Amino acid sequence: MEEVYLFENNSFDSVFSSEVFEHIFNLDDVLNEIQRVLKPGGRLLITVPFVWDEHEIPYDFGRYSSYGITHLLEKNGFYVVKHIKSSTYIETIGQLIINYIYQNLFPKSTFIKIILTPLIITPLIFLIKILNIILPDNTNFYLTNIVLAIKK
């Protein structure tokens with residue numbers, strides 16, 4: 001039986017995926033399909049979380065370290081051109097604290113959240129920015145991988 005595809009081989013110059021790969025259980029299959037539809041030298045731009053709470057439950061399957069996502073891409077026929085870790089250690093901890101406060105300590109009322117956000121969250125953001133300048137930089141604990149890869 002002949003396989004029928006929605007898109008022909010080598011159809012696209014680029015593919016973009018943001019915060020999706022953590023929800024794909026069979027990522028190798030998806031990467032093979034992206035590889036198939038990309039033109040030779042085509043670009044793949046992705047973002048995948050490293051540190052974040054589970055979401056879209058029960059369809060949250062993986063967190064990829066910089067080494068893990070690079071390995072998956074290379075084993076599926078891509079060359080990683082650029083990899084960026086989206087935040088520093090301090091920024092990541094700060095974002096997690098802000099997320100915790102917003103989700104667990106703020107009241108459920110949207111109106112009250114609108115009032116409390118600039119009063120509580122904004123000063124925390126400034127504090128995190130100051131701490132990020134003062135404290136030593138470390139990017140081994142970060143929020144998101146941003147990766148640009150090319151089809152080999």
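Only a predicted model underlies this, so the values are computations on that prediction, with no experimental measurement involved.
Using modelled atom types, no side-chain atom of Lys152 and backbone atom of Tyr79 make a donor-acceptor pair closer than 3.5 Å. Between the side chain of Glu91 and the backbone N or O of Thr88, at least one donor-acceptor pair lies under 3.5 Å. Between the Asp60 side chain and the Glu56 main chain, no donor and acceptor come within less than 3.5 Å of each other. A donor-acceptor pair under 3.5 Å is formed between the side chain of Lys151 and the backbone N or O of Gln35. Between the side chain of Asn132 and the main chain of Ile128, no donor-acceptor pair closer than 3.5 Å is present. In this structure, Thr47 contributes its side chain and Glu19 its backbone to a donor-acceptor pair below 3.5 Å. No side-chain donor-acceptor contact under 3.5 Å links Arg43 to the backbone of Phe16. In this structure a side-chain-to-backbone donor-acceptor pair under 3.5 Å is present from Ser11 to Glu8.
Side-chain atoms of Ile93 and Phe141, non-hydrogen and from C-beta on, do get closer than 4.5 Å to each other. Here the side chains of Leu116 and Tyr102 are not in contact, with every heavy-atom distance at 4.5 Å or above. With a 4.5 Å cut-off on side-chain heavy atoms, Leu31 and Phe21 count as touching. Contact of the Phe25 side chain with the Val30 side chain is not registered, since no non-hydrogen atoms from C-beta on lie closer than 4.5 Å. For the pair Ile46/Val15, no side-chain contact is recorded, criterion being any heavy-atom separation below 4.5 Å from C-beta on. Annotation: side chain of Leu143 is in contact with side chain of Trp52 (closest heavy-atom distance under 4.5 Å). At a threshold of 4.5 Å between non-hydrogen side-chain atoms, the residues Asn10 and Val37 do not count as touching.
When the side chains of ILVMFWY residues are joined at heavy-atom separations under 4.5 Å, either directly or via intervening members, Ile90 and Ile121 end up in a single hydrophobic cluster. Grouping the Ile, Leu, Val, Met, Phe, Trp and Tyr side chains by contacts below 4.5 angstrom, directly or via other members, places Leu105 with Leu127. In this structure, Tyr142 is not a member of the same hydrophobic cluster as Leu72, with clusters built from ILVMFWY side-chain heavy atoms closer than 4.5 Å. In the hydrophobic clustering of ILVMFWY residues, with side-chain heavy atoms under 4.5 Å counting as a link, Tyr89 and Ile84 come out apart. The hydrophobic cluster containing Ile120 also contains Leu131, counting ILVMFWY residues as joined when their side-chain heavy atoms lie under 4.5 angstrom apart, directly or transitively.
Across every non-hydrogen atom of Pro118 and Pro123, the tightest pair is O-CD, 3.5 Å. The shortest heavy-atom contact between Pro107 and Lys113 is O-CE, 3.1 Å.
You'll find the ring centres of Phe50 and Tyr64 outside the 6.0 Å limit.
Of the inter-residue distances, the one linking Ser18 atom OG with Ile146 atom CD1 reads 8.5 Å to the nearest 0.5 angstrom. Summarising the geometry, atom CG belonging to Leu73 is positioned 10.5 Å from atom NZ belonging to Lys75; distances are rounded to the nearest 0.5 Å. One distance of note links NE2 of His71 with OG of Ser66; it measures 13.5 Å at 0.5 Å rounding. Interatomic distance, Leu96 CG to Asp53 CG, rounded to the nearest 0.5 Å: 8.0 Å. The CG atom of Asn9 sits 5.0 Å away from the CZ atom of Arg36 when rounded to the nearest 0.5 Å. Taking CG from Leu38 and CD from Glu33, the interatomic distance works out to 10.0 Å, rounded to the nearest 0.5 Å.
For the 3.5 Å distance criterion, the side chains of Gln103 and Asn99 qualify, holding a donor opposite an acceptor. Side-chain contact check for Asn145 and His83: at least one donor-acceptor pair (N or O, by modelled atom type) lies under 3.5 Å.
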Exercise. Can you check side chain to side chain contact (heavy atoms under 4.5 Å, CB included) on Leu148 and Leu44, steps first, answer last?
Worked result: CA-CA 6 Å; Leu148 175 62; Leu44 172 63; over 6 Å; no
For this session: Check step by step if side chain to side chain contact (heavy atoms under 4.5 Å, CB included) holds for Ile24 and Leu27.
Result: CA-CA 6 Å; Ile24 300 171; Leu27 190 53; 4.2 Å; yes
Problem set entry | Val80/Val147 under side chain to side chain contact (heavy atoms under 4.5 Å, CB included): CA gap, chis, key distance, verdict | CA-CA 7 Å; Val80 174; Val147 183; 3.9 Å; yes
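Using a 30° and 60° split on the angle between ring planes, Tyr59 and Phe61 fall in the perpendicular class, above 60°.
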